[in-house]
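Report on the following structure.
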Amino acid sequence: MVQGRNNSQETVRVDFRFRRELAQKLEGNLASFCYQCGACVGDCPATTYSGTFNPREIMLKVLYGLGEELLTEDSILWQCTNCYNCHERCPQEVKPVEVIISLKNMLADRGIIPPSAQKIIETFETTGRTTPISSAVHKQRERFGLPPLQPVPMDEIRALIEPASKGGDTA
Ligand code: SF4
Ligand code: SF4
């Protein structure tokens, strides 16, 4: 495999295997249209609060095929909140968030899932929601005059997630 940086000469050798693997997770070759303008960075909450996360830099690493810098045990990718602000801002319709979600799927394929994400997965699999609904939530809804939350149709949720858990398309 050809991958990585050659520090002595400051050159980058593109890892095309990583790029092919990512392309299989995404509809279209989205990252290739990134022209590094940085518009996705300005309104990114993960950038604001982490100080190290930068969607433009992630897109650059994707362009170079630097998968091994992104797909690590302590990957910064999990700092992305999936808020989609970058999707709204990008003039090239790169959809950085969807590239990042696909990279997270690649991490999961390698068995790299942080405990916080694992907890969300388990809650979703058992309740159909990503966070538990406490009695305080029900009371607050009542106070604001909102209707009670309806039960989640778990049979439909299971029908959707079963193919993915058996190794189907998770992108
Ligand atoms: S989806 Fe992720 S990368 Fe995009 S703006 Fe939100 S936190 Fe940042
Ligand atoms: S806004 Fe779009 S084109 Fe600009 S750096 Fe971000 S992903 Fe690339």
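In each ligand, atom 1 is the first atom listed, and ligand 1 is the first ligand listed. For clarity, every value in this text was computed on a predicted model and none was experimentally measured.
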List ligand 2 atoms under 4.0 Å from Cys37, heavy atoms only on the residue side.
1 (S), 3 (S), 4 (Fe), 5 (S)
So which atom in Thr72 and which in Ile112 form the shortest heavy-atom distance, rounded to 0.1 Å?
O-CG2, 3.8 Å
Hey, which atoms in ligand 2 end up nearer than 4.0 Å to a heavy atom of Gln36?
5 (S), 8 (Fe)
Within 4.0 Å of some non-hydrogen atom of Pro91, the atoms of ligand 2 are 1 (S)
With a 4.0 Å cut-off on heavy atoms, does Pro55 reach ligand 2?
no
For Arg56, the ligand 2 atoms with a heavy-atom partner under 4.0 Å come out as 5 (S)
Quick one: does Cys86 get a heavy atom under 4.0 Å from ligand 2?
no
Under 4.0 Å from one or more heavy atoms of Pro96, ligand 2 contributes atoms 7 (S)
Heavy-atom distance to atom 1 (S) of ligand 2: which of Ala31, Cys34, Cys40 wins?
Cys40
Quick one: which ligand 2 atoms are inside 4.0 Å of a heavy atom on Tyr35?
3 (S)
Give the atoms of ligand 2, by number and element, whose distance to some non-hydrogen atom of Gly38 is under 4.0 Å.
4 (Fe), 5 (S)
Nearest non-hydrogen contact to atom 6 (Fe) of ligand 1 from the set Gly42, Cys90, Cys83 belongs to Cys83
For Ile113, does its backbone N or O pair with a side-chain atom of Gln118 as donor and acceptor, under 3.5 Å?
no
